[in-house]
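Please read the structure below before turning to the comments.
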Amino acid sequence: MTETPASDRTPRARYDAALATSIERAWQDRWEAERTFWAPNPEGGLAEGFDAMAQRTPLYVLDMFPYPSGAGLHVGHPLGYIGTDVYARYRRMTGCNVLHAMGYDAFGLPAEQYAVQTGQHPRVTTEANIANMQRQLRALGLGHDPRRGVATTDVGYYRWTQWIFLQIFNAWYDDTAERARPIVDLVAEFEAGTRDAAAHGAGIAWSDLDDLGRRRLVDSFRLAYVAEAPVNWCPGLGTVLANEEVTADGRSERGNFPVFRRPLKQWMMRITAYAERLLADLDLLDWTDSIKLMQRNWIGRSTGAEVTFGVAGHEDLGITVFTTRPDTLFGATYMVLAPEHPLVDAITPVEWPGAQFDAQHSEIPVAWRGIFGDGVPPAAAVRSYREFAARKSELERQAEGHVKTGVFTGAFAINPVNGARIPVFIADYVLMGYGTGAIMAVPAHDDRDFAFAREFDLAIIPVVRPDDAWLSGHGVAADDASEWSEAFTGVGVAMGSANEGVTLDGLDTPAAKAAIAEWLAAEGLGTPTTTFKLRDWLFSRQRYWGEPFPIVFDDTGLPIALPESALPVELPEVSDFAPRTSDDPDALPEPPLARAEDWVEVTLDLAGPAWAGYGGGPRTFRREVNTMPQWAGSCWYYLRYLDPENDDALVAAGVERYWMDGVRADGSPAAGGVDLYVGGVEHAVLHLLYARFWHKVLFDLGHVSTVEPFQRLFNQGYIQAYAYTDQRGVYVEAADVVERDGAWFLGDEPVNREYGKMGKSLRNVVTPDDIYTEYGADTLRLYEMFMGPLDASRPWNTTDIVGVHRFLQRLWRNLVDEDSGEVHVADLPADDDTLRLLHRTIDAVRGDMEGMSFNTAIARLFELNNHLTQVVAATGAAPRVVAEAITLMVAPLAPHIAEELWSRMGHPASLAYEPFPAADPAFLVVDAVEVPVQVNGKVRGRITVPVEADPAALEAAARADERVAALLEGATVRKVIAVPGRLVNFVIG
RNA sequence: GCCCGGAUGGCGGAAUCGGCAGACGCGGCGGACUCAAAAUCCGCUGUCCGAGAGGGCGUGCGGGUUCGAGUCCCGCUCCGGGCACCA
């Protein structure tokens with residue numbers, strides 16, 4: 001042993017970054033070698049070790065899996081992963097068999113674009129990125145089962161994504177049974193005649209249909225179908241985009257290219273069939289109200305009525321509108337169809353009507369025909385308006401705000417309640433995709449109709465009397481809307497709404513709705529209807545780096561599902577990964593896979609069903625060249641984690657039931673599924689809605705046992721960071737900025753502070769590696785959990801980290817001699833104060849862990865450790881009972897140091913499955929309690945009383961207090977409030 | 001525009017039921033140890049008045065309910081998020 005010079009002597013076994021790192025590496029290696037976090041399945045290939053776990057409760061903890069970006073992680077990324085790991089580790093110590101794994105959502109545009117630039121195959125960069133991310137995550141000490149970490153790009157994974165697609169394609173929604181059923185059941189019903197093809201869109205009986213007719217009919221029922229639908233077409237990227245990939249100003253999020261609404265033939269998923277169940281089953285879930293609300297709003301259920309209007313001069317035609325306010329039918333002064341509405345051509349006359357047609361106008365007002373109908377016949381006006389509307393990019397649509405445009409079709413509708421002739425317009429403020437694509441316009445009581453009516457000089461007839469406050473506030477009269485500055489959209493009392501059969505006058509809005517609904521139903525003019533904002537899901541992309549569809553087309557152009565035996569359909573090798581791009585909005589999509597001619601054209605011997613007529617003998621087909629959206633792989637990965645190596649099924653039924661069965665501890669009804677799902681709120685709608693939809697289809701078809709995938713959802717907050725700009729407004733390196741007297745400087749130059757996301761462009765990135773080097777991973781974990789509640793966003797502040805690092809150092813020093821590295825834990829009895837604090841801490845920490853309030857759990861552990869410091873200072877050693885308990889309680893949060901301490905205290909095995917300390921109730925009871933004494937609500941003294949002291953005893957004790965007695969001296973006590981265990985309050989006057 | 005969520009010391013935050021506001025940590029101030037510094041340990045730290053004892057004020061703003069309000073109610077302000085012609 002050599003003498004260390006006193007000047008730079010550091011204790012050999014001080015808990016610093018170097019020691020932390022060596023401890024952390026050693027334990028990460030040991031967990032891996034000992035398979036500590038392998039969660040055994042009850043059966044199948046991953047069942048090894050299950051017997052030892054059989055008595056434990058299965059618990060499935062899940063993170064929203066990441067996209068393996070080339071940029072690597074910053075400290076904000078793992079916040080949720082640390083949270084789930086703490087919870088999972090706690091649950092392992094409280095009797096659970098915990099499944100926790102991490103995979104990768106690895107298909108997607110960044111890898112593809114990088115490939116386009118470099119010519120390198122996206123699989124190469126994707127795999128390199130995954131490897132880097134796994135390294136960074138391993139260093140955090142996350143207790144994942146490494147066997148289950150699938151990537152969506154694995155052929156063995158996307159083979160099952162394709163298999164699920166086939167299930168969906170080969171299914172239809174039975175509205176009577178309210179569930180999806182195999183498509184063969186539908187065919188059987190048609191063939192047996194129990195379902196009438198003629199009544200379901202075919203027009204003629206099943207037996208009279210030819211092969212093609214049958215295929216078209218059946219295809220129209222499928223849950224996955226090809227349709228011509230208006231989509232976000234981005235010629236600059238050469239692909240269609242999902243709504244969330246389009247910015248608020250109508251450009252592509254990536255590349256900033258203009259986006260156009262174009263009808264294109266695309267794959268769709270019939271999520272709308274599930275709208276009602278997706279809405280109703282939210283009630284079964286333990287999600288926050290705000291997320292449920294966002295889903296409810298997205299689904300957008302509204303109830304009202306469909307009402308059919310006649311068309312003047314067309315006895316055979318009727319236009320059905322949807323309205324939530326049938327009580328305002330008498331106020332309908334015109335009608336609007338979406339420009340694409342199928343009836344527009346049929347009702348548009350050859351000539352403009354010339355005669356008088358309403359009280360206000362003796363000829364067509366100029367505004368009605370506007371720029372589109374000026375000097376041309378109605379059909380030409382309609383055509384040019386349609387072109388105008390279609391040519392507008394989303395950008396222009398946003399820029400013009402809500403200025404109303406439209407054109408009169410020359411046709412008139414007949415209001416069924418009063419026979420009024422009302423003009424029919426087309427306007428793009430009416431959307432084909434919602435309701436019936438047609439509205440009755442009641443400008444007096446609808447903001448949009450009001451704006452349109454003012455623009456086009458249309459009558460505004462009030463039929464709901466506004467409340468007096470509204471009228472006086474606007475300074476207008478109820479019965480003359482000509483002076484109104486805006487529509488009255490609230491509820492009120494109906495007026496001017498009567499015909500021979502029904503009168504609404506005098507009824508309040510709900511009663512009027514009911515009365516008119518009854519009358520409409522009786523007259524056969526309308527039916528109560530529910531509509532949804534939710535649209536079917538656009539499911540194809542013109543990209544290379546995604547799952548190919550297991551679909552081919554024959555020369556009819558109709559899709560044919562490949563048999564399961566043809567899976568996986570692997571991505572072909574191509575030399576050019578880019579879709580064809582253009583700046584012409586009329587250019588057509590051309591996916592990269594279309595250029596792989598050898599792959600696209602394929603000769604197969606498909607044994608198609610007899611009714612479809614394409615079976616038998618080798619024939620040439622063309623493959624679907626679109627790929628699936630990135631959401632596809634993320635829709636079901638939680639199921640594959642359960643049984644990642646299963647080649648016979650996406651998950652074995654017994655394994656799925658073991659992990660997913662929904663049994664709440666208190667026995668209340670649960671939807672089942674993942675016990676805890678943690679991720680960012682940015683997936684509040686789309687991912688979570690799509691996954692719920694797929695899960696329900698799989699449930700209907702008998703492939704999973706629960707109606708919902710995620711029983712409990714927890715949205716973690718974001719770690720944000722300060723960024724600094726210099727005088728020119730250029731971002732400077734945040735790490736180099738110093739604070740002096742409340743201002744910030746880079747060197748001597750003052751800089752401005754901003755607050756936002758952590759990112760390269762703001763030059764404020766802090767990486768986990770930076771923190772490991774300075775403090776170690778346990779410190780990083782502890783800091784991220786200590787900063788605040790897991791569901792709140794908060795700023796990263798590197799200077800605050802020392803607090804938690806000092807805690808770990810102090811804990812270490814309380815149990816380990818910094819010079820020798822030997823533990824100084826003694827089998828001495830702890831004093832009563834210490835034991836009471838210990839058990840109070842255990843009790844509180846358990847509660848905080850259950851509620852995922854890790855920040856307060858850590859605060860409790862700080863207090864216990866600070867007390868332990870006193871004990872060690874006084875006695876020279878830590879009592880074993882305290883030392884072991886605090887180590888076990890720290891273990892979920894800072895597992896490496898805890899394992900090391902546990903080991904040094906003489907335990908050869910990992911503490912991962914050690915029972916979490918339990919509070920002894922004997923130490924939780926308190927016999928005396930200090931309560932405040934208030935006089936007129938202000939604390940004037942404190943008394944210590946027995947915990948069971950009744951109000952009278954409390955009051956007596958309070959009066960005995962010197963200060964209180966002085967204040968009560970000579971005063972009249974009006975009232976005394978004495979709450980046992982809480983306070984005493986004297987009200988004096 | 002509509003719908004959610006939030007606002008507590010210099011900073012991050014705590015306060016499960018209407019009952020001691022500010023736990024715990026950072027930062028700051030003071031002290032011990034040291035030749036000195038670092039590290040460590042101890043004390044103080046909402047704010048104003050006061051030498052002190054003590055007192056006033058205090059949870060975004062204005063009202064209210066209550067013996068008592070950070071917490072409940074009404075009306076605002078600001079910040080964050082979602083939706084945005086959905087009839």
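To find a chain, count down the sequence lines: A is the first, B the second, and so on, and within it residues start at 1. What you see is a predicted model; the values in this text were computed from it and never measured.
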Presence of [X] side-chain N/O under 4.0 Å of [N] phosphate oxygens OP1/OP2:
{"X": "A:Asn855", "N": "B:G25", "result": "no"}
{"X": "A:Asn866", "N": "B:G25", "result": "yes"}
{"X": "A:Gln934", "N": "B:C67", "result": "no"}
{"X": "A:Ser793", "N": "B:G80", "result": "no"}
{"X": "A:Arg794", "N": "B:G80", "result": "no"}
{"X": "A:Arg940", "N": "B:G54", "result": "no"}
{"X": "A:Arg296", "N": "B:C3", "result": "no"}
{"X": "A:Gln809", "N": "B:A39", "result": "no"}
{"X": "A:Lys533", "N": "B:A84", "result": "no"}

Spacing between [X] atom [atom1] and [N] atom [atom2], to the nearest angstrom:
{"X": "A:Asn297", "N": "B:C4", "atom1": "CG", "atom2": "P", "value": "9 Å"}
{"X": "A:Asn936", "N": "B:G56", "atom1": "CG", "atom2": "P", "value": "11 Å"}
{"X": "A:Met785", "N": "B:C24", "atom1": "CE", "atom2": "P", "value": "21 Å"}
{"X": "A:Asn985", "N": "B:G18", "atom1": "CG", "atom2": "P", "value": "18 Å"}
{"X": "A:Arg982", "N": "B:G68", "atom1": "CZ", "atom2": "P", "value": "18 Å"}
{"X": "A:Asp428", "N": "B:A87", "atom1": "CG", "atom2": "P", "value": "17 Å"}
{"X": "A:Ile299", "N": "B:C83", "atom1": "CD1", "atom2": "P", "value": "14 Å"}
{"X": "A:Arg860", "N": "B:A23", "atom1": "CZ", "atom2": "P", "value": "13 Å"}

Between [M] and [N], how far apart are the [atom1] atoms? Round to whole Å, please.
{"N": "B:G75", "M": "B:C3", "atom1": "P", "result": "12 Å"}
{"N": "B:G70", "M": "B:A7", "atom1": "P", "result": "14 Å"}
{"N": "B:C2", "M": "B:U8", "atom1": "P", "result": "26 Å"}
{"N": "B:G22", "M": "B:G28", "atom1": "P", "result": "24 Å"}
{"N": "B:G19", "M": "B:C79", "atom1": "C1'", "result": "31 Å"}
{"N": "B:C76", "M": "B:G13", "atom1": "C1'", "result": "27 Å"}
{"N": "B:G60", "M": "B:C67", "atom1": "P", "result": "24 Å"}
{"N": "B:A23", "M": "B:G12", "atom1": "P", "result": "15 Å"}

Taking the side chain of [X] as heavy atoms from C-beta outward, which of [options] is closest to it?
{"X": "A:Ile977", "options": "B:G19, B:C42, B:C85", "result": "B:G19"}
{"X": "A:Thr324", "options": "B:A87, B:G25, B:C85", "result": "B:A87"}
{"X": "A:Met787", "options": "B:A23, B:G12, B:C41", "result": "B:G12"}
{"X": "A:Gln870", "options": "B:C42, B:A87, B:A39", "result": "B:C42"}

State the pairing partner of [N]; accept Watson-Crick or G-U wobble contacts with both distances under 3.5 Å, and report none otherwise.
{"N": "B:G1", "answer": "B:C83"}
{"N": "B:C76", "answer": "B:G60"}
{"N": "B:G54", "answer": "B:C49"}
{"N": "B:U65", "answer": "none"}
{"N": "B:G30", "answer": "B:C42"}
{"N": "B:C17", "answer": "none"}

Base, sugar-phosphate alone, or nothing: which one does [X] contact when heavy atoms must sit under 4.0 Å apart?
{"X": "A:Ser302", "result": "sugar-phosphate"}
{"X": "A:Gln295", "result": "nothing"}
{"X": "A:Phe322", "result": "base"}
{"X": "A:Lys938", "result": "sugar-phosphate"}
{"X": "A:Asp289", "result": "nothing"}
{"X": "A:Val336", "result": "nothing"}
{"X": "A:Leu293", "result": "sugar-phosphate"}
{"X": "A:Arg974", "result": "nothing"}

Report task. Report yes if a donor N or O on one partner sits less than 3.5 Å from an acceptor N or O on the other, where the partners are the side chain of A:Asp800 and the base of B:C26; otherwise report no. Result ->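 By the distance-only test, no, there is no pair.
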
**Report entry** A:Phe786 and A:Phe862 aromatic ring geometry - parallel, tilted or perpendicular at 30°/60° bounds
**Finding:**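 Judged by the thresholds at 30° and 60°, the geometry between A:Phe862 and A:Phe786 is tilted.
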
Query raised in the report: Taking the inter-plane angle between the rings of A:His805 and A:Tyr15 on a 0 to 90° scale, is it parallel (under 30°), tilted (30 to 60°) or perpendicular (over 60°)?
Result: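 Aromatic pair A:His805/A:Tyr15 classed tilted.
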
**Report entry** Cation over ring face, A:Arg753 and A:Tyr724, 6.0 Å, 45°
**Finding:**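 Output no; distance or angle outside limits.
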
Query raised in the report: With a cut-off of under 6.0 Å to the ring centre and 45° to the axis, is A:Lys404 in cation-pi contact with A:Phe452?
Result: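 Judged by the rule, A:Lys404 and A:Phe452 form no cation-pi pair.
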
**Report entry** A:Asn797 side chain to A:Tyr722 side chain, donor-acceptor N/O pair below 3.5 angstrom
**Finding:**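 Per modelled atom types, A:Asn797 and A:Tyr722 side chains form no pair under 3.5 Å.
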
Query raised in the report: Using a distance-only test with no angle check, is there a side-chain donor-acceptor pair under 3.5 angstrom linking A:Thr308 and A:Thr320?
Result: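 Present: a donor and an acceptor within the cut-off.
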
Requested in this report: With syn defined as a glycosidic angle within 90° of 0 and anti as everything else, classify B:C17.
Outcome: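 Classified syn.
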
**Report entry** Syn/anti state of B:G18 by chi, 90° boundary around 0
**Finding:**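 Anti, since the glycosidic angle lies more than 90° from 0.
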
Query raised in the report: Less than 4.5 Å apart, any side-chain heavy atom of A:Pro443 and any of A:Tyr334?
Result: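 In contact.
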
Requested in this report: Rounded to the nearest 0.5 Å, what's the gap from CE on A:Met294 to CG on A:Leu688? Could you check?
Outcome: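 Between A:Met294 CE and A:Leu688 CG, I get 9.5 Å after rounding to 0.5 Å.
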
Query raised in the report: Taking only residues two or more places apart in sequence, or in another chain, which ones meet A:Val430 in a side-chain contact (heavy atoms from CB on, under 4.5 Å)?
Result: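 A:Val430: side-chain contact (heavy atoms from CB on, under 4.5 Å) contacts with A:Val336, A:Ala338, A:Ile439.
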
